[in-house]
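Comments concern the structure below.
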There are 2 protein chains.
Amino acid sequence: MLNKKKQLLFEKQAQIAKAIAHPLRIAIVNYLRNGPQCVCDIAEQVGSERSNVSRHLSVMVSAGVLEYRKDGLKVIYKLKTPCILEFFSCVTRVLKQQARDNEKLLKVL
Amino acid sequence: MLNKKKQLLFEKQAQIAKAIAHPLRIAIVNYLRNGPQCVCDIAEQVGSERSNVSRHLSVMVSAGVLEYRKDGLKVIYKLKTPCILEFFSCVTRVLKQQARDNEKLLKVL
DNA sequence: TTATAATATGAGTATATAGTCATATAGTCA
DNA sequence: TGACTATATGACTATATACTCATATTATAA
């Protein structure tokens, strides 16, 4: 059985993972590779309502993945911990492995 | 706006992120660092019902994060793409940053 | 064959999350 | 000031996810 400390750590880690575990949020993180962007441009880029994007952004801020600054009317969001991007290189490896597996399966059929 | 290909990629990536975005699943992945384990031992370790653990395991298998082999009555699960573990080193960095931020905040109060 | 054990899964409930619309808030500028 | 713009949020609905219990499936071994 796990102790309380470990459980708390796993919950925190899960919160961060959850913060990026959504197609729209991944699209946002991906867009922010190019540098800081306002909500309106992000919404335009990912093709969703501003109110919806605003919510997704605040989830990622709470999780510590993004940070923002205000600039006049606009609010500019940016990646806080760019190591998040490393995660995607692993994810890509997983996807490539899946593709190879599917290929093998196809040959057997 | 995003094209269809990108959207599909982001959905796949989100599926993988979702597969580990849960405290129990993180506990499982963490336990599997030590090597392959059966459902009963995993359930014991993480402190949850076997049926529940079994479901979590199958989610991670579908996402390509885990794989399994049968051994008599037991089913042995293991990490398929250990690079998933790298994700946690980033997550740890995020958490440390949060801790630093909180410290700063405390000093201001 | 029968009893037992490990695992998986259907069905149900409870909870969490996403998305939309309307509205509030705050900054800009004529 | 008043009109306008960007963003955030409350309230709601729809959907997804987690968990539990009962049951099915599969393998083992007496």
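Every chain is numbered from 1 and lettered A, B, ... according to where its sequence line falls, protein lines coming before strand lines. None of these values were measured; they are calculated from a predicted model.
- With sequence neighbours left out, the side chain to side chain donor-acceptor pair (under 3.5 Å) criterion links B:Arg69 to no other residue.
- The interatomic distance linking B:Ile20 (CD1) with D:dA18 (P) rounds to 13 Å, in whole Å.
- Distance A:Arg69 CZ to D:dT7 P: 12 Å, rounded to the nearest Å.
- In this structure a side-chain-to-backbone donor-acceptor pair under 3.5 Å is missing from B:Asp71 to B:Lys74.
- Within 4.0 Å of A:Lys18, counting heavy atoms only, lie sugar-phosphate atoms of the nucleic acid but no base atom.
- With rounding to whole Å, A:Lys70 atom NZ is found 11 Å from D:dA6 atom C1'.
- Here the side chain of A:Asn34 pairs a donor or acceptor atom with the backbone of A:Tyr31 at under 3.5 angstrom.
- Of all the residues in residues 25-47 of chain B, B:Cys38, B:Val39, B:Cys40 reach under 4.0 Å from DNA chain C with at least one non-hydrogen atom.
- Side chain of B:Arg25 to main chain of B:Ala19: a donor-acceptor pair is present (N/O by atom type, distance under 3.5 Å, no hydrogens or angles).
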Considering only nitrogen or oxygen atoms on both sides, find all protein atoms under 3.5 Å from nucleotides 28-30 of chain D and state each distance.
none

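- We find that OH of A:Tyr77 is positioned 8 Å from C1' of D:dT7, with the value rounded to whole Å.
- A stem is defined here as three or more consecutive Watson-Crick or G-U pairs, each with both distances under 3.5 Å; for DNA chain C these stems are C:1-30 with D:1-30.
- Among pairs with a residue in residues 75-109 of chain A, those fulfilling disulfide (SG to SG under 2.5 Å) read A:Cys83-B:Cys90, A:Cys90-B:Cys83, at least two apart in sequence or across chains.
- Residues from residues 50-68 of chain B with heavy atoms under 4.0 angstrom of DNA chain C, sorted by number: B:Arg50, B:Ser51, B:Ser54, B:Arg55.
- Under the 4.5 Å side-chain criterion, counting only non-hydrogen atoms from C-beta, B:Leu85 is in contact with B:Leu79.
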Donor-acceptor pairs are to be reported for all side-chain atoms of residues 8-15 of chain A against protein atoms at under 3.5 Å, with residues two or more places apart or in another chain.
none

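- Residues satisfying the disulfide bond (SG atoms under 2.5 Å apart) criterion with A:Cys38, sequence neighbours excluded, are absent altogether.
- Each salt bridge (Lys or Arg N to Asp or Glu O under 4.0 Å) pair with one or both residues in residues 31-45 of chain B, not counting sequence neighbours, would appear here, but there are none.
- Counting only distance, with no hydrogens or angles, the side chain of A:Ser54 and the backbone of A:Arg50 share no donor-acceptor pair below 3.5 Å.
- Contacts of A:Lys78 classified as salt bridge (charged side-chain N to carboxylate O under 4.0 Å, His left out), with partners at least two apart in sequence or in another chain: A:Glu67.
- Taking atom NE2 of A:His22 as the reference point, atom C1' of D:dA16 lies 10 Å away to the nearest angstrom.
- Annotation for B:Asn52 and B:Ser48: closest pair ND2-OG, 3.1 Å, computed over non-hydrogen atoms.
- Of all the residues in residues 8-15 of chain B, not one reaches under 4.0 Å from DNA chain C with any non-hydrogen atom.
- A:Val94 places none of its side-chain heavy atoms less than 4.5 Å from the side chain of B:Lys80.
- Pairs passing the side-chain hydrogen bond (donor to acceptor under 3.5 Å, both in side chains) check and including a residue from residues 88-99 of chain A, sequence neighbours excluded, read A:Gln97-A:Arg100, A:Gln97-A:Asp101.
- Taken from CG in A:Leu24 to CD1 in A:Ile42, the straight-line distance is 10.5 Å, to the nearest 0.5 Å.
- Counting heavy atoms from C-beta outward, A:Phe88 and A:Val29 have side chains that approach closer than 4.5 Å.
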